[in-house]
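Numbers here are sequence positions counted from 1.
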Amino acid sequence: MVNKTLISLAVVAAFTLTACQTTDTQKLVKTSTSKVATEIKTPVKTGETQITLKQAMAHPDWLGRQPLSSYWAGDSSSVFYTRKQAGNELKDLFNQKLKANVKGNKVSIESLHQAGAKNTVFSENGQFQAYVFKGDVFVKNINTGTVTQVTRSSSSESDVQFLNDGSLVYREGTTFNKVNLNTGFTVEIANLKMSQKPKGVEEPKDYIAKEQHKLINFIALTHKNKKDKQKLKNEVDSKNPSRVDDAFYFGKDKRLVDAQLSPSGTHIIAVVTENTSWRADSDIMPNYIADDARVKSKKVRRRVADAQSQTSQVYILDLETGTQTELTFDVLPGFDDDVLAKVKTENYAREGKKYKSEKSPRAINLMMDWTWSQSAIQWNKQGTQAAVMLEAWDNKDRWIASVDFEKSKFVSQHRLHDDAWINYAFNDFGWFNHSDTLYFLSEESGYSQLYKKPLNGKASALTQGQFVISNLDLSKDDKHIYYKANEKHPGIYEVYRINTETEKREAITDLNGMTDFKLSPDESKLLLSHSKIMLPTELYVTDVTPGSEVVRLTNTVSDQFKNTQLIAPKVVAVASSHTEQPIYAKVYYPADYKEGESGKNRKAIIFNHGAGYLQNSHLGWSGYFREFMFHSLLASEGYVVMDMDYRASKGYGRDWRTAIYRNMGTPEIEDLADGIKWMQNNANVDNKRVGTYGGSYGGFMTFMALLTRPELFQAGAALRPVSDWAHYNDPYTSNILNRPDVDPIAYERSSPIYFAEGLQKNLLINAPMVDDNVFFQDVVRLVQRFIELEKENFETAIYPVEAHGFRQPSSWLDEYRRIYKLFKDKL
């Protein structure tokens with residue numbers, strides 16, 4: 001249903017938001033003093049062309065090919081972005097001036113190396129920009145625009161970095177090279193070798209070897225010659241200024257996890273671990289539709305059930321003395337706690353055993369944040385202090401530890417413990433530029449908030465509230481930290497900044513949708529990626545001063561999409577029977593729905609988003625754009641469609657996230673039940689005419705809903721679904737369910753395959769066969785269970801060429817035709 005008013009603060013306060021779909025030249029919503037230079041055009045009403053299932057599942061080119069991978073030019077005068085070519089998967093790079101209604105210029109192939117990069121670094125004086133293009137290093141003079149190619153090789157260079165002395169460092173594999181930009185002279189400053197240190201010429205060890213050297217002159221002479229040669233080499237390496245002895249050895253069968261050089265160029269913090277395989281030889285997946293008409297075996301990752309504990313070693317490498325010193329974890333609070341004692345006790349008791357808790361060093365590694373572009377090793381600007389973010393392999397602790405270089409040990413600065421699991425997002429951290437003070441995100445209050453901590457002082461919260469903060473960017477003068485947050489409403493993300501001294505917070509944007517940002521190199525402007533429910537992502541620019549005008553830079557949405565008739569969903573707050581927080585959900589009302597109608601005769605669908613930890617009931621453009629159009633189609637035919645951010649979803653705080661700990665598939669389905677009740681009371685829905693569907697985690701939820709709460713839904717479609725969590729990957733699953741060898745109870749209560757006997761209603765299973773995320777085996781095993789249980793009301797569709805994320809429009813269309821038919825026939 002099309003809303004005819006702007007989003008208002010009153011509506012926000014009432015927890016009901018309607019899509020911005022009003023005037024022909026609608027301005028961005030203003031709730032403060034912000035101005036908009038260019039109006040965002042959304043139609044007065046939806047277009048004239050009715051959406052069809054085939055069009056909804058067509059290749060997304062038809063939407064208009066939105067700007068991707070945007071970044072600032074080094075001089076802050078323009079921005080770059082990529083845009084997909086029509087009809088193929090290639091992308092072009094465009095340069096966009098900071099003016100409205102001016103189209104970006106396509107960067108020629110001959111000039112691509114001059115365009116900078118998304119991951120670029122600047123010299124201390126801001127005069128030079130360094131980046132990597134196609135594996136080679138380039139430096140651009142910001143003042144003159146001159147670009148110098150530093151390397152040209154078949155090797156792949158990476159991790160460019162300016163040192164405080166103005167020189168440039170880059171990595172080639174595990175080797176660090178330093179370039180004098182004035183002379184071009186390059187010197188290797190460190191080589192991190194995953195091997196044993198050469199022993200040199202060894203003396204005879206046992207009796208007969210020693211006698212051999214005494215009795216046989218040839219052996220003795222040969223040995224002497226080797227020693228003389230080795231001695232000369234050592235002297236040349238140590239005394240001749242043209243030579244370098246830069247090797248650090250970490251032992252055989254090791255893998256370098258990360259290594260970060262100090263800005264002073266004097267030390268490296270290096271992290272290594274055992275070089276174990278990411279899979280076993282038996283971890284294969286057959287591909288039946290191969291290019292040579294044979295069956296090919298694809299290598300895939302191991303399962304969480306096969307995961308083995310692994311820990312890391314952290315070293316200080318002193319480049320001036322050539323020494324390397326290991327930093328141990330025993331100074332970290334709780335490093336040897338038995339954090340799973342309660343879980344183990346419960347599982348032991350089920351087997352009639354008694355568990356005895358004992359302290360033991362835990363496996364600890366670098367923090368792996370799935371949203372990061374930064375390293376878990378952070379040096380301060382001067383290169384005198386370093387901090388490392390670490391996490392326990394059991395997922396219960398995160399530490400920030402600084403390095404005491406004099407005593408060669410860690411010093412714990414912050415410990416974040418969670419009885420459920422530490423979040424794999426919201427872990428941004430770093431140093432202030434002009435003081436030995438750390439800033440970081442933490443969920444310790446229940447929500448991701450911003451903290452600062454002097455090296456020798458106490459941590460303090462810079463922000464507080466029931467909202468989440470992410471994407472930190474510290475200004476060069478340390479005065480402000482920029483971030484995005486959903487402070488206004490869980491489904492609206494704006495850009496803010498906070499004064500690190502006065503702690504005054506200011507909203508930079510007021511756009512009422514989903515907004516991401518990039519601070520310009522000169523820190524005067526923000527590049528914004530902004531979208532609304534009915535408007536795909538476009539690029540905008542604004543000054544950093546609150547209240548500044550917002551200029552729209554791109555306009556890529558196609559006329560065909562603008563002319564397509566779609567129903568804008570409302571975002572509502574569904575009362576929860578189990579928490580004080582409401583469950584936010586998108587609701588698509590039927591085109592002919594009239595408020596206050598009675599009869600309880602509407603049919604309804606609940607869509608379950610994937611990933612579990614993902615937010616979809618927000619005011620921005622959804623990654624589930626095909627589903628959005630499918631839901632609009634269903635609503636046009638009389639369905640009420642609900643898309644819920646059930647418990648486990650992102651954006652609502654720590655407790656919402658961890659509600660599923662050791663019990664996946666129960667809290668979420670309880671929330672779906674509340675959704676049905678809400679639709680019955682507020683949208684005239686007959687609770688005996690409700691279906692559900694979803695993919696990946698949403699497919700798992702469909703399984704759990706139909707198998708454990710058969711009274712809720714008459715039909716369900718599970719797409720690329722998980723049926724047994726013991727077969728899923730370790731990094732995701734072990735957070736929520738621990739690991740099967742420790743906590744089998746959690747896996748058995750959370751895996752649909754253990755509830756197969758509960759199937760009563762109609763179930764459609766759609767499974768891609770070359771899915772290396774959720775294996776096809778998940779479907780195969782559950783289908784066999786259904787067969788053995790003599791279940792009749794299920795059917796399976798397979799997709800031989802598709803992986804987890806479908807690519808072929810024909811596959812999408814076939815899949816959703818089956819879903820559409822299921823609901824049409826059974827509801």
Side-chain angles (χ1 to χ4, degrees), residues 71-78 80 110-192 236-248 259-269 317-322 375 379-386 431 433-434 476-477 520-523:
Y71 61 92
W72 282 99
D75 62 0
S76 303
S77 67
S78 64
F80 292 92
E110 294 81 6
S111 302
L112 288 175
H113 66 287
Q114 300 176 343
K118 195 170 185 179
N119 298 317
T120 192
V121 296
F122 292 89
S123 59
E124 177 62 24
N125 60 13
Q127 182 178 353
F128 296 101
Q129 173 191 21
Y131 53 92
V132 174
F133 172 75
K134 299 295 184 182
D136 283 313
V137 178
F138 293 81
V139 173
K140 186 172 188 175
N141 187 311
I142 301 300
N143 297 327
T144 66
T146 303
V147 175
T148 302
Q149 185 167 357
V150 176
T151 68
R152 186 173 185 177
S153 70
S154 58
S155 301
S156 182
E157 283 79 38
S158 64
D159 296 347
V160 289
Q161 173 185 1
F162 281 103
L163 299 185
N164 293 338
D165 64 6
S167 59
L168 180 71
V169 172
Y170 64 88
R171 272 179 57 179
E172 183 181 340
T174 60
T175 300
F176 288 75
N177 299 304
K178 182 167 73 171
V179 184
N180 185 314
L181 295 180
N182 294 320
T183 65
F185 180 68
T186 301
V187 59
E188 183 179 292
I189 61 172
N191 189 352
L192 282 52
V236 172
D237 288 346
S238 62
K239 297 178 181 179
N240 189 290
S242 70
R243 296 298 303 153
V244 60
D245 185 12
D246 61 350
F248 294 90
Q260 295 295 322
L261 174 67
S262 66
S264 60
T266 59
H267 293 82
I268 290 174
I269 301 294
L317 309 182
D318 190 323
L319 305 190
E320 295 178 331
T321 65
S375 168
W379 285 94
N380 69 353
K381 188 176 180 180
Q382 296 74 29
T384 57
Q385 302 287 353
W431 293 93
N433 292 309
H434 303 288
K476 296 171 186 175
D477 61 5
S520 63
D522 66 6
E523 299 190 348

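- A search for salt bridge (charged side-chain N to carboxylate O under 4.0 Å, His left out) contacts involving Lys178 returns nothing, not counting sequence neighbours.
- Looking only at side-chain heavy atoms (C-beta outward), Val179 and Tyr170 come within less than 4.5 Å of each other.
- Screening residues 167-176 for salt bridge (charged side-chain N to carboxylate O under 4.0 Å, His left out), with sequence neighbours left out, gives Asp159-Arg171.
- Of all heavy-atom pairs between Gly166 and Leu181, the closest is O-CD1, 3.9 Å.
- Take Asn191 and apply the side chain to side chain contact (heavy atoms under 4.5 Å, CB included) test, not counting sequence neighbours, and it matches Thr174, Thr175, Glu188, Lys193, Asp246.
- Applying the side chain to side chain contact (heavy atoms under 4.5 Å, CB included) criterion to Glu124, with sequence neighbours excluded, gives Lys381.
- Under the side chain to side chain donor-acceptor pair (under 3.5 Å) criterion, Thr148 pairs with no residue at all, not counting sequence neighbours.
- Inter-residue side-chain proximity for Pro263 and Asn164 is flagged as met; some heavy-atom pair is nearer than 4.5 Å.
- Qualifying side chain to side chain donor-acceptor pair (under 3.5 Å) partners for Ser153, counting only residues two or more places apart in sequence or in other chains: Glu157.
- For the side chain to side chain contact (heavy atoms under 4.5 Å, CB included) test, residues two or more places apart in sequence or in another chain that qualify with Ser77 are Asp75.
- Contacts of Ser156 classified as side chain to side chain donor-acceptor pair (under 3.5 Å), with partners at least two apart in sequence or in another chain: none.
- Glu523 meets the salt bridge (charged side-chain N to carboxylate O under 4.0 Å, His left out) test with no other residue; sequence neighbours excluded.
- Inter-residue side-chain proximity for Gln385 and Trp379 is flagged as unmet; no heavy-atom pair is nearer than 4.5 Å.
- Across Asn125 and Ser123, no two heavy atoms sit closer than the pair OD1-OG, 2.7 Å.
- Scanning for salt bridge (charged side-chain N to carboxylate O under 4.0 Å, His left out) contacts around Asp136 gives an empty result, with sequence neighbours left out.
- In this structure, Phe138 and Tyr131 have parallel ring planes: the angle between them is below the 30° cut-off, well short of the 60° mark.
- Between Ala130 and Val139, the shortest heavy-atom contact is CB-CG2, 4.2 Å.
- Applying the side chain to side chain contact (heavy atoms under 4.5 Å, CB included) test to Ser154 and every residue at least two apart in sequence or in another chain returns nothing.
- Qualifying ring-ring contact (aromatic ring centres under 6.0 Å, His included) partners for Phe80, counting only residues two or more places apart in sequence or in other chains: Tyr71.
- Using a 4.5 Å cut-off on side-chain heavy atoms (C-beta onward), Phe128 and Phe162 make contact.
- The nearest pair of heavy atoms linking Ser76 to Asp522 is OG-N, 3.0 Å.
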